[in-house]
Amino acid sequence: MSANFFSIVEPAFAQAERPFIERPDGSVLTYGAALAATGRIANALAGMGVKPGDRVAVQVEKSPEAILLYLACCRAGAVFLPLNTAYTQAELEYFIGDAEPTVVVCTPARLATIEPMARKLGVHRVETLGTAGDGSIMNAATGQLDSFKTVARSETDLAALLYTSGTTGRSKGAMLTHRNLSSNALVLKDVWRFSSNDVLLHALPIFHTHGLFVATNTTLVAGSSMVFLPKFDPDEMFRLMPKATVMMGVPTFYTRLLQDARLSHESTKHMRLFVSGSAPLLADTHRQWHARTGHAVLERYGMTETNMITSNPYDGERVPGAVGFPLPDVTVRIADPETGALLPTDAVGMIEVKGPNVFSGYWRMPEKTKAEFRDDGFFITGDLGKIDDKGYVHIVGRGKDLVISGGYNVYPKEIEAEIDAIDGVVESAVIGVPHADFGEGVTAVVVASPDAKLDEKAVLGALDGRLAKYKLPKRVLFVPDLPRNTMGKVLKNELRKTYDGLYAKS
Ligand code: MCA
Ligand code: AMP
């Protein structure tokens with residue numbers, strides 16, 4: 001039997017009249033209409049020359065049609081490559097050059113800039129998709145047959161390519177197989193008790209694992225439905241929450257909703273589950289949420305490379321500050337970061353993971369892939385943690401130099417390289433500093449040459465357009481020297497301590 005992820009979720013589409021996605025205006029895309037549309041789009045993709053294994057790169061605004069395009073890619077056996085809408089032209093150029101997609105789909109507004117660049121990189125077709133069901137890809141699908149024979153795929157065939165930045169060098173494409181997607185979706189459906197009665201309030205972006213796989217794939221395997229918001233907006237969340245039973249969010253969703261007077265037992269009474277992930281949910285936020293709503297947020301832990309790894313229990317204690325137990329079929333262990341030797345209960349070390357959820361490697365980077373796996377197949381997450389005597393996993397820090405801002409990963413090296421290239425900058429260090437809204441605020445500490453007339457505004461001005469906005473430092477601070485150890489390594493921990501209270505009141 002084919003292991004194509006679409007074939008696994010196909011039973012949901014048999015309930016043709018059931019709602020799949022409800023738009024904020026109340027209009028509904030049923031499973032039946034979605035099935036037919038994915039067939040038409042898959043036929044259009046095949047007509048454009050997309051063959052199984054080809055990449056389809058997609059940088060579009062959130063819409064139900066973007067989900068249909070993702071599913072059509074699955075059906076056609078193509079590898080879906082979603083791209084954050086905040087990525088700049090230079091960032092896109094790298095991804096497209098590296099992934100060599102057959103087709104690029106962008107917003108109508110960006111066609112004029114993306115098309116010439118993509119063509120120069122050898123892309124066969126550049127198509128558009130708007131937020132109102134418009135765009136050339138939808139035009140190409142019009143008139144195509146609804147029926148499409150979903151391409152047979154094996155468990156190890158690629159379903160998606162998701163770029164993650166690295167601690168060193170360039171972004172890496174995490175290769176995710178059909179088995180990675182289906183194993184995680186089936187497990188999450190069970191452990192979070194998803195059923196066809198559920199309605200997920202979906203306010204996450206759909207170009208990363210959280211909004212695309214965790215939220216959408218779990219909905220699909222359960223035949224549930226989603227209320228789809230273009231983006232997180234507290235007014236819309238409170239208006240639509242009475243229609244929903246589940247919400248998934250990054251910690252910033254929870255801290256922002258907590259600041260809203262409308263958050264109460266009453267306004268959340270229709271909900272059965274709140275899930276948090278992508279960044280640490282402070283134990284304090286967990287407790288405040290419980291006090292205000294009566295709901296214990298269920299925190300889980302994952303990575304682009306591994307999908308979801310652990311989850312707090314549905315029944316049983318959801319421990320504030322812990323990320324719960326390894327998911328069924330997933331093995332988690334704690335090892336000495338240097339030697340790989342296994343560590344006992346409660347000892348802090350590197351979190352390593354193995355299971356059907358773990359990706360098959362980085363796109364065209366066999367050496368980087370090898371470096372991040374142990375010989376016995378465990379993936380080295382780069383997160384530091386421990387497992388307590390009850391089996392709960394706790395993340396206590398990061399072995400990797402990473403800042404997580406509002407659920408988005410920012411790798412300091414990438415920002416430092418851009419800052420160091422600015423005239424008058426001697427060197428820089430980028431750190432994450434506690435931030436009331438984003439969890440961590442990207443912060444640049446810069447050493448300028450004595451004769452340079454550089455200030456915060458000038459640095460930010462020089463970075464504008466070169467990096468996605470969420471990567472831009474919230475503050476740029478100038479120092480005469482960076483603190484270093486005897487080996488000459490910048491002491492980022494010391495910098496983090498110095499600037500700890502910088503965003504306390506933001
Ligand atoms: C927007 N801005 C940000 C962020 N988002 N800056 C830093 N960090 C961010 N996350 C910028 C905007 O460009 C804007 O800049 C300014 O901050 C204020 O924007 P605002 O309107 O407040 O932001 P927003 O549009 O409300 O977005 C905040 C958000 C959003 C809702 C938290 O970032 C979001 O939806 N995050 C979810 C990320 C996510 O899905 N991560 C999952 C990755 P200016 O004022 O200059 O214009 S998957 C993953 O991590 C793993 C696998 C896992 O475990 O899930
Ligand atoms: P990404 O590369 O976007 O997939 O981000 C993965 C990283 O997000 C992980 O390696 C963790 O550092 C972090 N992360 C995800 N979920 C949690 C969580 N619940 N608590 C703490 N960190 C998390």
Side-chain angles (χ1 to χ4, degrees), residues 62 82 84-86 162-167 171-172 174 176 180 184 188 202-215 229-234 236-237 248-257 275-283 285-286 297-312 318-324 350-351 353 357 359 372 379-385 393-411 415 432 435 437-443 460 463-465 467-474 503 506:
K62 185 173 174 181
N84 193 320
T85 45
L162 265 62
Y163 277 84
T164 75
S165 306
T167 42
S171 291
K172 302 165 286 187
L176 294 155
N180 292 152
N184 222 233
L188 295 178
H202 193 307
L204 288 158
I206 52 169
F207 35 67
H208 289 306
T209 296
H210 198 163
L212 186 62
F213 300 147
V214 186
L229 268 65
K231 59 174 288 210
F232 176 80
D233 170 353
E236 285 293 89
M237 299 298 277
M248 294 184 193
V250 295
T252 301
F253 283 22
Y254 291 94
T255 52
R256 286 189 183 179
L257 291 173
V275 181
S276 176
S278 306
L281 183 80
L282 296 180
T285 308
H286 187 288
V297 176
L298 185 154
E299 184 171 10
R300 57 47 172 197
Y301 159 57
M303 277 183 85
T304 302
E305 287 92 331
T306 62
N307 298 287
M308 296 306 99
I309 302 170
T310 69
S311 170
N312 269 281
R318 300 176 192 169
V319 176
V323 294
M350 179 62 69
I351 302 177
V353 55
N357 55 317
F359 75 139
E372 306 214 10
F379 174 66
I380 306 165
T381 62
D383 292 310
L384 298 175
V393 176
H394 300 250
I395 299 173
V396 299
R398 290 180 205 131
K400 52 195 173 191
D401 193 14
L402 162 68
V403 181
I404 305 185
S405 171
Y408 286 140
N409 288 6
V410 181
Y411 278 90
I415 321 304
H435 190 291
D437 187 29
F438 291 123
E440 290 179 314
V442 176
T443 306
L460 290 175
L463 297 178
D464 193 23
L467 293 166
K469 269 200 160 179
Y470 68 86
K471 298 180 186 172
L472 295 180
K474 298 289 176 209
Y503 306 110
S506 49

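Each ligand, and each atom within it, is numbered from 1 in the order the structure gives. The figures here come from the full heavy-atom set of this structure, side chains too, leaving out hydrogens, waters and symmetry mates.
Checking His435, Lys469, Met308, Met248 against atom 46 (O) of ligand 1, the nearest heavy atom belongs to Lys469. Around atom 22 (N) of ligand 2, the closest heavy atom drawn from Ile395, Val250, Leu402, Leu281 belongs to Ile395. Closest to atom 23 (O) of ligand 1 by heavy atom, among Arg256, Arg300, Lys474, is Arg256. When the heavy atoms of Asn409, Thr164, Asn307 are ranked by distance to atom 2 (O) of ligand 2, first place goes to Asn409.
For ligand 2 and Ser278, the ligand atoms under 4.0 Å from any heavy atom of the residue are 8 (O), 13 (C), 14 (N), 15 (C), 16 (N), 17 (C), 23 (C). Residue Met303 approaches ligand 2 through these ligand atoms, each under 4.0 Å from one of its heavy atoms: 4 (O), 6 (C), 9 (C), 10 (O). Below 4.0 Å from some heavy atom of Ile404 lie the following atoms of ligand 2, by number and element: 8 (O), 12 (O), 13 (C). Distances below 4.0 Å separate heavy atoms of Glu299 from the following atoms of ligand 2: 18 (C), 19 (N), 20 (N). Here is the list of ligand 1 atoms found below 4.0 Å of a heavy atom in Phe232: 31 (C). Contact atoms of ligand 2 toward Pro280: 20 (N), 21 (C), 22 (N) (distance under 4.0 Å to a heavy atom of the residue). Interface of Leu204 with ligand 1, defined as ligand atoms under 4.0 Å from a residue heavy atom, comprises 40 (O). Listed by number with element, the atoms of ligand 1 under 4.0 angstrom from any heavy atom of Thr304 are 52 (C).
For atom 35 (O) of ligand 1, the closest non-hydrogen atom of the protein is Pro205 CD, 3.6 Å. The protein atom (non-hydrogen) at minimum distance from atom 21 (O) of ligand 1 is Lys231 NZ, 4.0 Å. Distance from atom 42 (C) of ligand 1 to its nearest protein heavy atom, with residue and atom name: Ser278 OG, 3.4 Å. Of the protein's non-hydrogen atoms, the one nearest atom 8 (N) of ligand 1 is Ser405 OG, 2.6 Å. Nearest protein neighbour of atom 41 (N) of ligand 1, counting heavy atoms only, is Gly407 O, 3.0 Å. For atom 37 (C) of ligand 1, the closest non-hydrogen atom of the protein is Gly406 O, 3.4 Å. Taking atom 33 (O) of ligand 1 as the reference point, the nearest protein heavy-atom neighbour is Tyr408 CE1, 3.4 Å.
Ionic pairing of Lys172 and Glu372 is present here: one or more N-O contacts between side-chain nitrogen and carboxylate oxygen are shorter than 4.0 angstrom. Between Lys400 and Glu305 no salt bridge is recorded (no basic side-chain N to carboxylate O distance below 4.0 Å).
Checked against a 3.5 angstrom limit, the closest N/O atoms of Ser276 and ligand 2 fall outside it. Checked against a 3.5 angstrom limit, the closest N/O atoms of Thr304 and ligand 2 fall inside it. Geometrically, ligand 2 and Tyr301 share no nitrogen or oxygen pair separated by less than 3.5 Å.
Considering CG of Leu212 and NE2 of His202, their distance stands at 7.5 Å, rounded to 0.5 Å. Taken to the nearest 0.5 Å, the NE2 atom of His208 stands 8.0 Å off from the CG atom of Leu162.
Counting heavy atoms under 4.0 Å from ligand 1, residue Phe438 touches it through the side chain alone. In His210, the parts holding a heavy atom less than 4.0 Å from any atom of ligand 1 are both the side chain and the backbone.
The nearest protein heavy atom to atom 54 (O) of ligand 1 is closer than 4.0 Å. Taking a distance limit of 4.0 Å, we find that atom 14 (C) of ligand 1 is approached by no protein heavy atom. Under the 4.0 Å distance rule, the nearest protein heavy atom to atom 10 (N) of ligand 1 falls inside the cut-off.
A heavy-atom separation below 4.0 Å is not found between His208 and ligand 2. No heavy atom of His210 sits closer than 4.0 Å to any atom of ligand 2.
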Going through the distances and angles, do Thr252 and Asp437 end up as a side chain to side chain contact (heavy atoms under 4.5 Å, CB included)?
-> CA-CA 6 Å; Thr252 301; Asp437 187 29; 3.4 Å; yes
